Amino acid sequence: MTISTGSPWRGSMQEPAGRADLDAQRAAESYMLPSVEPVQLIDPDGRHVHNDKYPLPDGDSLLGAYRELVVGRRVNDQANALVRQGRMAVYPSSHGQEACQVAAALCIEAADWLFPTYRDTVAVLARGVDPIQALTLLRGDWHSGYDPYEHNVSIQATPLATQLLHAVGVAHAAKLKGENTVVVAMCGDGATSEGDFHEALNFAAVFHVPVVFFVQNNQYAISVPLSHQSVAPSLAHKAIGYGMPGERVDGNDLAALLAVLGKAVDRARDGGGPALVEAHTYRMQSHTNADDATRYRSDDEVAQWVPKDPVMRMRTYLTELKLLDESTEKDIAAEAERVAAALREGLNAESEVDPEDLFRHVYSEKTSQLREQAAKLREELSREQL
Amino acid sequence: MTISTGSPWRGSMQEPAGRADLDAQRAAESYMLPSVEPVQLIDPDGRHVHNDKYPLPDGDSLLGAYRELVVGRRVNDQANALVRQGRMAVYPSSHGQEACQVAAALCIEAADWLFPTYRDTVAVLARGVDPIQALTLLRGDWHSGYDPYEHNVSIQATPLATQLLHAVGVAHAAKLKGENTVVVAMCGDGATSEGDFHEALNFAAVFHVPVVFFVQNNQYAISVPLSHQSVAPSLAHKAIGYGMPGERVDGNDLAALLAVLGKAVDRARDGGGPALVEAHTYRMQSHTNADDATRYRSDDEVAQWVPKDPVMRMRTYLTELKLLDESTEKDIAAEAERVAAALREGLNAESEVDPEDLFRHVYSEKTSQLREQAAKLREELSREQL
Amino acid sequence: MSTTLTFAKALNTALADEMEADPTVVVFGEDVGTLGGVFRITDGLTKRFGEERCFDTPLAESGIMGMAVGMAMNGLRPVVEMQFDAFAYPAFEQVVSHVAKMPNRTRGKVKLPLVIRIPYAGGIGGVEHHCDSSESYYAHTPGLTVVSPATVPDAYTMLREAIRHPDPVVFLEPKKLYWSKEDLELEALRSSANSFGRAVVAREGTDATLITYGPSVSTALNAAAAAAEEGRSLEVIDVRSIVPFDDATVMASVRKTGRAVVIAEAPGFASVASEIVARVQERCFHSLAAPVLRVTGFDIPYPAPKLEHFHLPSVDRILDAVDELQWEDA
Amino acid sequence: MSTTLTFAKALNTALADEMEADPTVVVFGEDVGTLGGVFRITDGLTKRFGEERCFDTPLAESGIMGMAVGMAMNGLRPVVEMQFDAFAYPAFEQVVSHVAKMPNRTRGKVKLPLVIRIPYAGGIGGVEHHCDSSESYYAHTPGLTVVSPATVPDAYTMLREAIRHPDPVVFLEPKKLYWSKEDLELEALRSSANSFGRAVVAREGTDATLITYGPSVSTALNAAAAAAEEGRSLEVIDVRSIVPFDDATVMASVRKTGRAVVIAEAPGFASVASEIVARVQERCFHSLAAPVLRVTGFDIPYPAPKLEHFHLPSVDRILDAVDELQWEDA
Ligand SMILES: Cc1ncc(C[n+]2csc(CCOP(=O)(O)OP(=O)(O)O)c2C)c(N)n1
Ligand SMILES: Cc1ncc(C[n+]2csc(CCOP(=O)(O)OP(=O)(O)O)c2C)c(N)n1
Ligand SMILES: [Mg+2]
Ligand SMILES: [Mg+2]
């Protein structure tokens, strides 16, 4: 391995500007501040909205993404059903946020990295991770069921915002190794309040590494609404405090998400450094099946988001443009059913757990303490079998 | 005690703006973003610089503040000398930053609170804390030598940025109790990188409590220059990410500091919420006496800051305006000498430590464990005396 | 008058009663307001006392803890909830460097009467980070008072006592007990708070002592019941107060029985269980007929739900340890 | 060829040698670049290896630790410095919830070969937060390997070994030893790394065993020397590797001597010292002529400079404990 040369710091922050730099600073500010309204390319009625900065992705990309969107919705519904049937312990559904999920997976290349959270199962699957392996965590068999290196998808992080720093580390290592990897690091609106969010964005900016921070602002952190989380003009306004651009995007608009994330990824790959993208979306269901959202929000509020559904508007748009016909739609539906059936089948099969696994991976080699403890458990179990 | 009513959250952050709100958002942005150049009211040559937003404080205030400035400089020099003489273990000097120190202490009322760091001894003394008590920490007698409630000055915090949250808590409690207290919370440029900085600013903004965060950007965190700490346009640009105003001020200009901090304090007292003030200054000496700044910065760089000295320019300004004459100058010098003499005398006197103190304040009442341990030590010491 | 309450409801009642009695008590944390907490321990408090007295914070544990320090400095009595054991770790610096040390640092000028409530330990099939037994981190930190109730009445009295305590208290709530129910006389309990530094004999016995706390007390009692059927009389000590530790009660029992097993869910290495073993052998060496043994979690990260039962101290594992105590008849 | 090196220089040489040997080793933290660290442990590394291999970070310990996790995931071997013991606490969540658990969580797919260097413990007259003995927090956390060298040769070999280790290592450097000097044969040491899980007998003896590590090893050796003058032969065990712990060496010694004192600077309650006492009595019960005693720091926050000597284990305090080991002749 060669570590590429060049200072690890961007080091662009300098002495206070002289008078001549006034324009430069105002220009930098307007570059880093987000647009007032979230970028939208296809409105809830399925109509294209022109945007100077972000052209609409081409029809094929949109159709391919739509396919994932429909599958994602089906995965969410199926997973919920499996929890109800007791095949899975818990499922934090991304119902309503599937456009964000699909865009996060599709905006990067195979060699790039995705850092998802517990809510981002649909994104994980869209990256190619085996569904049953992905659901190992929520089924309770093991903490993480897939090999992160197989599809460059990190574990689905539970401790909020911690994964953003891992993403920075992966990007930083790639940069030092001279690899052209981009990392998409996901978190929720609530997680932006954690200290690790701050440290991750600052490290990414100072080391000028290719990370796109992607905040799914679904308006809630369990029961806590956004207004108790932040009183900033928007979460994307945090970007300028680190010296990176921030952008807002309609999180139920798959086309806009692909465009905005795509641009941030391209910029990062070209050495432009990190960016913060805030998607405005809504958690349509409870936090998890263990939660009861009616305790803290009204049906009315939820109802307002129904017409903004990400699937519907894409279907309308693609159908009106004849990019989607009935047979393709059927084809996609069939694929979604196949995935759902595979989920059912996989999760209905009894899984085996091996008690020896408790000790196997704590260290590369068992310590003498763990050898003793494993032997003790083995002995107990063998007595039980007598 | 009555806890005042009213929601603890400001809750101003709402759904993305509609088109009509474009102007409102841009107005909010320009309100929260700092000026391009740090506010300066008296330039290094001692001339008044007009500023539309910040009128110059009146002559009496400036003269009073100047007195503290001179005393502060003397305290720094004397404390350094006492370290060289072995009367104190270590002293993180604020030489060059005395204007910030004095302004932090003078911008608030007696009933308000100050949250200083290890470097802010001059500010602590300017609040009225007994100098020998204040230096207890650096002398090594005890962790903190003064009663925080006597002058509403919290302990000089060592773990970086942690005290900012305590400041928020004090302000929040005051608000709930219906008291009109303002809190000034100090930290360095390096400390802004810590997660606690982020959490403190966000909590202050969300709970809309009267805290003025005062960052002394002295360009270094031990050996690490600002450019490795942040690549934001300025540290004050972080404010908007929390929904509070940020301002930059020349940290060697006592008049500007009093004006900017004064305004932020007034605004906070009037229910306007928190603010972030970044002072541009320079740590003229090593981090502490244990450090050797020549290892990481050039004499040239340091030399550039000499003409920007905070004491000199105030003296010039006040003298030219006839606010300061020779006799007053002498008077002030004599006062500074008195303080220095008191420091010398206090620190040259041998201090007594009581080993029983180890156990006295760990809990309000000694646990049975500590009673045993204290007895053991007592017994050991009594044997030694035989 | 006796009522039947769950452990969770007992905690909730304790909070309400203290908030009623003392207007300086404030409750905050993640989801504790409108929702009433993910375990409903703060249910109804916002409604009853207003959102100035019980409120949600932004999602930041160090922020919660640091703000609590400041509020306590300024005359309030904050009771904060860390949503789950492992989510208290972001607050570790605030807890260790300030909560535990501020009174000592200021020679007692600044007192921090605050309570850190932590739902902890396993046995509920929770996913990773939701089942840590983190008591040893706190118990090792001088300046913290660390307690854990194991019964419904103790849940009520100990929480009230914690809130009235002049020093910071880490109040560890065994999650798996939240839904357990007991009859209790609330009125009688209101004045009986006196548990800090006091262990209780949860079951008397003569042959060996089981020393435990929190979630493992019920397991130990079950083990003692099973042993009784086999003719062995086990005494069970519920430590309750980990710091300060009640040496007198524990040592009296071990001196009587001459044998002891210490039980805890946390990994055993450098843990509270290690401490108890060390203290017992230091103080009762010549009363001991056998080494003091431990039944603890293994020295592994908390296992996934389907494997946790292999990890947790069980009745069988406790009985095995008792059998190993070198009985003459064996 | 033998050279005289300080403990600090031995660590510095180990870093340089590993960076030379393995281009994936990167060193970062606060002030470790241009300055070479506040203790100069990384002196000259930036100059020699470039600022991509040894560099300063923004001032944020959780950031440092979290970034190290990601770098280790992506093929590097980060060696991070926490500037002082108590300033590692902001990184506690990253250490406990990720560093310690990531390999286990992924069934070993993700390895984290990283080293967390922590200058720790007291004896240097440091102000608050600069002298904590924090080893128990880490030792209690499964998944971490926790070691502390007590000699100059071990400083060199153990740090090299830590960097080569496939799992995360908490590498605790006793601050007060930084300026201690020893002659050593660097060439011979280069290939001798084999300390993890292996204690050493630092001094042989027959009457009682002193078990200790890190900063207290030299104190224990001084105590043994003093005891020898009074005709008592004390064996001193330098544990070196706290996790994994070398039961074999420790127990062999105690079985031989029949008496033991465990010595450590950290507060004793729920500490590594408690663990050692517990293990020894569990495993050597019938060899023990007296209870295993402890000489540790008191259960108090680390004292201010002028009081620290009352707190730290001293030769006298160790000899007192030895005297209490119920000698027949007493
Ligand atoms: C450090 C930490 N604190 C608390 C929690 C408990 N918790 C899990 S999810 C959640 C809310 C997260 O909200 P957000 O970041 O908006 O993500 P969302 O669930 O809406 O996708 C909380 C408080 C946690 N997982 N980690
Ligand atoms: C949490 C924490 N990490 C590290 C340190 C060690 N340390 C003490 S001062 C300092 C630099 C602080 O720089 P800055 O915030 O700019 O303040 P200044 O010293 O310049 O006043 C460091 C790294 C600390 N005190 N606390
Ligand atoms: Mg959310
Ligand atoms: Mg600084």
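Because the structure is predicted, anything quoted here is derived from the model rather than measured. Sequence lines set the chain letters: A, B, ... in the order given, protein chains first and strands last, and positions in each chain run from 1.
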(message) As an exercise: rank A:R26, A:K238, A:M32, A:H198 by heavy-atom pairs under 4.5 Å with chain B and give me the winner.
(response) A:H198
(message) Going by ring-ring contact (aromatic ring centres under 6.0 Å, His included), name the residues that satisfy it together with B:F213, two or more places apart in sequence or in a different chain.
(response) none
(request) Decide whether A:E278 and A:N217 meet the rule of one side-chain donor and one side-chain acceptor closer than 3.5 Å. (result) yes
(message) With a 4.5 angstrom heavy-atom cut-off, is it the side chain or the backbone of B:M244 that approaches chain A, or both, or neither?
(response) neither
(request) For A:H237, check side chain to side chain donor-acceptor pair (under 3.5 Å) against everything at least two apart and list the hits. (result) A:S234, B:Q25, B:E29
(message) Just verifying a value: how many Å separate A:Q40 CD and A:N51 CG, rounded to the nearest 0.5 Å?
(response) 10.0 Å
(message) Is it the case that over 12 heavy atoms from other parts of the model lie below 6.0 angstrom from the CG atom of A:D299?
(response) no
(message) Among residues at least two apart in sequence or on other chains, which ones pass side-chain contact (heavy atoms from CB on, under 4.5 Å) with B:V302?
(response) B:Y282, B:M284, B:R297
(request) Report, by ascending residue number, the residues of residues 188-197 of chain A in heavy-atom contact with chain B at a distance under 4.5 Å; give 'none' if the set is empty. (result) A:T192, A:S193, A:E194, A:G195, A:F197
(request) To the nearest 0.5 Å, tell me how far B:N252 CG sits from B:D43 CG. (result) 12.5 Å
